[in-house]
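Have a look at the structure below before the remarks.
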Amino acid sequence: MADAENPARGLPDQTPQPEGPRKETAAATPAGGVSEAAAPAAKPAAPAAKHPAAKPPAEMAAEPWEDELTRALAQQFGNRIERFATYVGQNFLAADCAAVYDIVEALRDNWQFDYLVDLTAVDFPNRPKRFEVVYILYSYARNERIRLKCAVAEGERPRSVVALHATADWLEREVYDMFGIEFAQHPDLRRLLLPEDWQGFPLRRDTNILAMDNQWVRENLGIESGQ
């Protein structure tokens, strides 16, 4: 009886307590999802990553190349050959553009470099002579490959080497098609990959190839874009 009359003696306190802050919980919606009130606020989209500014390519760490072949070529062509060098085991020489035909002929006839593997170009718009034409030659007998490079100015016409290597025919046409470099005395210099009425040269670095493509598509197919 005493305990019933005096709640302070061991019985739980029945005095109502003030409610504290309520924690929001996700309320199930009829569809089994989460109600809008309980859904967390969307995070703001992260800003788009900025691409770092393009850096110029690192200078190629080439070393001087000297052997029996370079000494013979230097004696024959003098300062028409500007440099002999090697890079990670790949030998190359840089020469005056006007001397390329004679050098390729000497390499074929005197040193058995009888296969023109490739002929291509690179565009350096900020150089006084913006193009670099590259000839890759191979000798089966020597099992050796070398590269011959020459700088070509805008409008300059290197002499074709088709008379020395038949493989140069389409290779020179491709360089003309992509870069606009014309080869003097080529037997049939015309575009190889693009239509004859195509305007511009896609692999020049100052060319917008998508704009060129869309222009041709509008003029020839009557649609706005081929993309």
If you look at every heavy atom in L119 and L116, which pair is closest and at what distance?
CD1-CD2, 4.3 Å
Closest heavy-atom contact between N110 and Q76?
ND2-OE1, 4.4 Å
Look at the side-chain heavy atoms of Ile, Leu, Val, Met, Phe, Trp and Tyr, link any pair under 4.5 Å apart, and say whether V100 and V134 land in one connected group.
no
Between Y115 and Y140, does the side-chain contact (heavy atoms from CB on, under 4.5 Å) criterion hold? Intermediate values first, please.
CA-CA 8 Å; Y115 176 32; Y140 285 100; 3.6 Å; yes
Separation between CD1 (I81) and CG (D96), nearest 0.5 Å, reads 10.5 Å
Counting only N and O atoms by type, is there a donor-acceptor contact under 3.5 Å from the side chain of S139 to the main-chain atoms of Q112?
yes
Heavy-atom closest contact (A151 atom, E156 atom, distance)
O-OE1, 4.1 Å
side-chain contact (heavy atoms from CB on, under 4.5 Å), that's the test. Do L192 and W170 meet it? Break it down for me.
CA-CA 7 Å; L192 178 67; W170 281 21; 3.9 Å; yes
Within one Ile-Leu-Val-Met-Phe-Trp-Tyr cluster: L93 and W111, side-chain cutoff 4.5 Å
yes
Are I136 and F84 in one and the same hydrophobic cluster, where Ile, Leu, Val, Met, Phe, Trp and Tyr link if side-chain heavy atoms are under 4.5 Å apart?
no
Determine, for E154 against R204, whether the closest basic-nitrogen to carboxylate-oxygen distance falls under 4.0 angstrom.
yes
Measuring from F179:CZ to T207:OG1, what's the distance to the nearest 0.5 Å?
10.0 Å
Between V162 and V104, is there a shared hydrophobic cluster once you connect ILVMFWY residues whose side-chain heavy atoms come closer than 4.5 Å?
no
Show the numbers, then the answer: is there a side-chain contact (heavy atoms from CB on, under 4.5 Å) between L194 and M178?
CA-CA 9 Å; L194 296 173; M178 297 292 106; 3.9 Å; yes
Do you know the tightest heavy-atom contact between R173 and R191?
NH2-O, 2.9 Å
Cation-pi, Y101 ring and R159 (6.0 angstrom, 45 degrees)
yes
State, without any angle test, whether S160 and E172 hold a side-chain donor-acceptor pair at a distance under 3.5 Å.
yes
Do D169 and H186 have side-chain N/O donor and acceptor atoms under 3.5 Å apart?
yes
Please report the C-alpha distance between R147 and D118 in whole Å, then the side-chain angles of each, then the deciding distance to 0.1 Å, and finally whether the salt bridge (Lys or Arg N to Asp or Glu O under 4.0 Å) criterion is met.
CA-CA 9 Å; R147 289 164 175 79; D118 200 1; over 6 Å; no
So do F124 and E132 actually touch side chain to side chain, heavy atoms under 4.5 Å?
yes
Is there a side-chain contact between D123 and R130, using heavy atoms and a 4.5 Å cut-off?
yes
Give, for atom CG of L137 and atom CG of N91, the distance between the pair rounded to the nearest 0.5 Å.
12.5 Å
Can you get from L193 to L203 by hopping between Ile, Leu, Val, Met, Phe, Trp and Tyr side chains that sit under 4.5 Å apart?
yes
Using modelled atom types only, decide if a donor and an acceptor are shared between the side chain of R108 and the backbone of L164 within a distance under 3.5 Å.
yes
Any chance the side chains of Q90 and R145 put a donor and an acceptor closer than 3.5 Å?
no
How far apart are the closest heavy atoms of C97 and P158, and which atoms are they?
SG-CB, 3.6 Å
So which heavy atom on A95 is nearest to which on C150, and how close?
O-CB, 3.4 Å
Could you check Y138 against F113 for side-chain contact (heavy atoms from CB on, under 4.5 Å), going step by step and ending with a plain yes or no?
CA-CA 5 Å; Y138 181 74; F113 285 91; 5.6 Å; no
To the nearest 0.5 Å, what is the distance between CG (D177) and CZ (F201)?
8.0 Å
Gap separating the CD1 atom of I103 from the CG atom of L148, nearest 0.5 angstrom
5.5 Å
Is R142 salt-bridged to D114, going by a charged N under 4.0 Å from an acidic O?
no
Value for CZ (R83) from OG1 (T70), rounded to nearest 0.5 Å, stands at 13.5 Å
Taking the six-membered ring of Y135, is the NZ or CZ of K149 close enough (under 6.0 Å from the centre) and on axis enough (within 45°)?
no
Salt-bridge present (D102, R80; N to O < 4.0 Å)
yes
